[in-house]
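What follows is a single structure, written as structure tokens, with notes after it.
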Amino acid sequence: MSTDSTGPTGSPGSTPAASTPGRSTPGSGNGAELIRFDKVTKRFGSNTVLDDLDFTVAPGKHVTLIGPSGSGKTTILRLLMTLVKPDEGTIRVDGEYLTHEEKGGRLVPAGEKHTREIRKKIGMVFQQFNLFPNMKVLQNITEAPVHVLGLGRDEAEERARELVELVGLTECLDRYPTQLSGGQQQRVAIARALAMRPQVLLLDEVTSALDPELVAGVLDLLRDIAHTTDITMLCVTHEMGFARDISDDVLMFDAGRVIESGPPEKIFSEPENERTREFLSAVL
Amino acid sequence: MTAELWEAIFKGIWITVQLTVYSAALGAVVAFAVGTARTSRHWILRFLSGFYVAVFRGTSALVFMFWLFFVVPLAFGWQFVPMWAATLALGLTYGAYGAEIVRGGIAAVAPAQREAGIALSFTPWQRMRRIILPQAVPEMLPPFNNLLIELLKGTALVSLLGIPDISFEAQLARLATGQSTTIYLAILGMYFVLAFLLTRVMRLLERRAKAGIGQAPPKSGGILGKLRIEETERSTKAGLAGGAQ
Ligand SMILES: Nc1ncnc2c1ncn2[C@@H]1O[C@H](COP(=O)(O)OP(=O)(O)OP(=O)(O)O)[C@@H](O)[C@H]1O
Ligand SMILES: [Mg+2]
């Protein structure tokens with residue numbers, strides 16, 4: 001099963017500033033793809049969660065993964081974040097292998113250091129925020145830029161202040177995460193991920209742990225980020241309206257495979273696959 | 001009881017306090033080194049640290065102390081100062097118990113915290129030092145307090161090496177005067193006061209540590225404690241009011 005979400009087909013009208021074609025790709029990668037899954041298989045025990053999966057994401061694109069519970073959407077994001085390792089196949093980010101290294105012409109499992117370097121290109125926002133409770137908001141955002149990227153403290157703080165303004169939490173810089181609402185925590189988590197200036201942002205159901213009245217605010221923020229930056233996004237969401245707004249491509253998963261893909265207006269309005277139709281009629 | 005005997009007992013308190021502090025310092029270093037090694041991703045570190053804990057928990061501090069004091073000189077022709085033999089034996093033994101507390105505290109930190117650390121590309125050591133340990137330490141302090149009190153009482157073992165701690169001096173005083181009741185009642189009281197002071201110090205540390213991770217300090221008596229609570233409540237309220245604008 002091969003699904004190509006890249007290419008000149010791009011996205012028509014409904015996503016205004018989403019595609020910024022002139023974007024140059026840093027790194028050694030092939031300009032046409034930032035993420036590439038090659039025959040990736042992931043099993044948990046006897047349960048094959050991803051089955052020989054191929055897909056690519058072009059730089060700057062916003063791709064939404066949809067599908068029934070247990071279809072492997074989270075697993076894809078966790079593979080990219082190297083929180084789990086693939087059993088078979090390879091993943092490349094910006095042209096470089098994520099969990100493998102080329103040694104003497106052969107692919108061998110990569111050391112922690114190699115993986116960590118590639119991983120710096122990827123940021124993730126979690127469903128449960130996962131802020132560091134032992135640090136105030138400002139430090140949550142500056143900690144990794146200072147200690148991982150080696151930024152000076154002043155520069156990191158300036159970056160953090162800009163981001164906190166973007167997510168609308170200027171007055172919360174000096175609080176601990178426990179003193180914030182869920183929506184506020186998730187905004188901080190978004191700022192924290194962006195502070196690393198990743199090329200790819202992974203979003204796993206980032207609003208599903210929020211009280212209903214807080215969801216819209218966070219989604220608006222993400223829309224804003226999607227439309228004003230050229231960051232590549234891979235998101236899992238049950239918010240179909242949001243998916244329609246920001247996506248260049250939608251991938252429909254079932255049982256560890258991509259069963260249908262295409263621009264949102266096609267998938268949401270005239271899905272071809274029977275399973276996609278069933279799934280959408282259940283969630284829409 | 002003569003004044004000299006009382007004076008000797010009070011000097012003994014000082015020895016006991018010194019032994020407790022030195023062994024606790026050594027024990028804390030051992031506990032953190034061995035406890036974090038037990039969670040390492042390198043099997044050799046996990047194995048060695050597991051072995052250490054098994055050995056030092058499974059043998060007796062007293063016998064180890066005798067070994068250091070009586071066997072090492074025979075084997076190496078070199079004699080430990082009694083205080084250092086005692087500190088080493090107590091520190092290494094109680095460090096093994098402490099390592100289990102450290103390991104448990106680390107294991108109790110939500111796995112999601114580790115994942116958040118990975119997602120930000122921290123190295124394993126940075127994750128431990130900046131994310132995991134700061135959250136685990138406040139949880140370790142109450143069991144550390146218990147262990148510390150055990151250690152305080154365990155220092156009485158050193159009287160068997162002839163180190164003049166409280167128990168040793170009490171024994172001498174009893175032999176000299178025969179006033180067992182008075183002397184042992186006094187000694188009991190002294191250990192109690194020392195243990196009580198240790199607990200106060202540990203409580204203070206615990207409250208500080210909890211405040212440092214944004215948790216409200218547990219309510220408990222003491223003027224100091226009350227002042228502290230009011231202080232944090234006020235700043236929290238001020239913060240929330242600021243946020244509501
Ligand atoms: N650590 C794990 N150990 C064992 N099985 C796992 C583990 N993580 C995921 N799975 C299994 O893998 C399958 C896919 O899980 P995944 O979380 O990727 O699904 P999902 O598409 O994100 O579902 P949802 O929409 O409910 O979040 C499920 O059957 C799940 O039980
Ligand atoms: Mg999921």
Side-chain angles (χ1 to χ4, degrees), chain A residues 77-78 80-84 111-113 115-137 139-149 168-181 184 189 192-196 198 200-202 204, chain B residues 40-43 45 105-106 108-141 205-218 231-245:
Chain A
L77 300 192
R78 290 173 62 83
L80 268 167
M81 203 66 261
T82 66
L83 300 173
V84 291
E112 145 85 24
K113 208 171 168 188
T115 300
R116 198 162 61 230
E117 281 308 308
I118 313 297
R119 187 157 69 198
K120 285 183 190 165
K121 301 177 179 187
I122 307 174
M124 184 161 183
V125 181
F126 298 87
Q127 193 173 348
Q128 300 290 346
F129 335 130
N130 300 0
L131 293 178
F132 304 128
N134 54 315
M135 303 175 196
K136 290 181 176 175
V137 167
Q139 199 189 349
N140 257 285
I141 302 174
T142 57
E143 192 75 353
V146 169
H147 295 288
V148 175
L149 302 182
L169 288 177
T170 327
E171 76 281 5
C172 298
L173 273 176
D174 204 33
R175 289 201 221 158
Y176 284 104
T178 46
Q179 299 165 337
L180 300 177
S181 75
Q184 289 172 326
R192 181 177 72 171
L194 291 177
M196 295 292 282
V200 187
L201 190 60
L202 308 178
D204 189 6
Chain B
S40 168
R41 67 208 155 93
H42 302 292
W43 72 267
L45 284 180
I106 289 172
V109 174
Q113 289 291 312
R114 183 180 153 269
E115 296 185 347
I118 293 178
L120 291 166
S121 290
F122 286 107
T123 63
W125 170 244
Q126 286 175 326
R127 291 200 298 266
M128 182 59 78
R129 150 132 170 49
R130 303 190 176 280
I131 301 167
I132 310 289
L133 280 181
Q135 295 177 47
V137 166
E139 303 303 318
M140 295 175 195
L141 290 177
L205 285 180
E206 190 186 332
R207 229 177 281 133
R208 287 237 166 136
K210 290 232 160 112
I213 58 171
Q215 288 181 13
E231 202 178 285
T232 22
E233 266 176 4
R234 211 179 309 129
S235 63
T236 312
K237 273 183 200 143
L240 289 175
Q245 292 161 9

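Numbered from 1 within each chain, the chains take letters A, B, ... in sequence-line order. Keep in mind the model is a prediction, meaning the values are calculated, not measured.
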Given heavy-atom pairs under 4.5 angstrom as the criterion, report whether the side chain, backbone, both or neither of [X] touches chain B.
| X | answer |
| --- | --- |
| Met196(A) | side chain |
| Leu131(A) | backbone |
| Phe126(A) | side chain |
| Ile122(A) | backbone |

* Asked: Atom CZ in Arg114(B), atom CG in Asn130(A): separation rounded to 0.5 Å?
  ->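 Interatomic distance, Arg114(B) CZ to Asn130(A) CG, rounded to 0.5 Å: 12.5 Å.
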Options [options], ranked by heavy-atom pairs under 4.5 Å with chain B, top entry:
| options | answer |
| --- | --- |
| Ala195(A), Pro145(A), Ala144(A) | Ala144(A) |
| Arg192(A), Met124(A), Gln128(A) | Arg192(A) |
| Arg119(A), Glu117(A), Met81(A) | Arg119(A) |

* Asked: Any idea which of Ala110(B), Gly117(B), Pro124(B) has the most non-hydrogen atom pairs under 4.5 angstrom with chain A?
  -> Pro124(B)
* State, to 0.1 Å, how close His147(A) and Gln126(B) come at their nearest heavy-atom pair, and which atoms those are. =>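 What the structure gives for the nearest pair is O-NE2, 2.9 Å.
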* Smallest separation among heavy atoms of Arg116(A) and Ser121(B), with atom names ->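 Taking every non-hydrogen atom into account, CD-O, 3.4 Å.
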Under 4.5 Å between any side-chain heavy atoms of [X] and [Y], yes or no?
| X | Y | result |
| --- | --- | --- |
| Val148(A) | Leu120(B) | no |
| Pro134(B) | Met135(A) | no |
| Phe132(A) | Arg130(B) | no |

* **Arg41(B) portion near chain A, given a 4.5 angstrom heavy-atom threshold** =>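 Side chain only.
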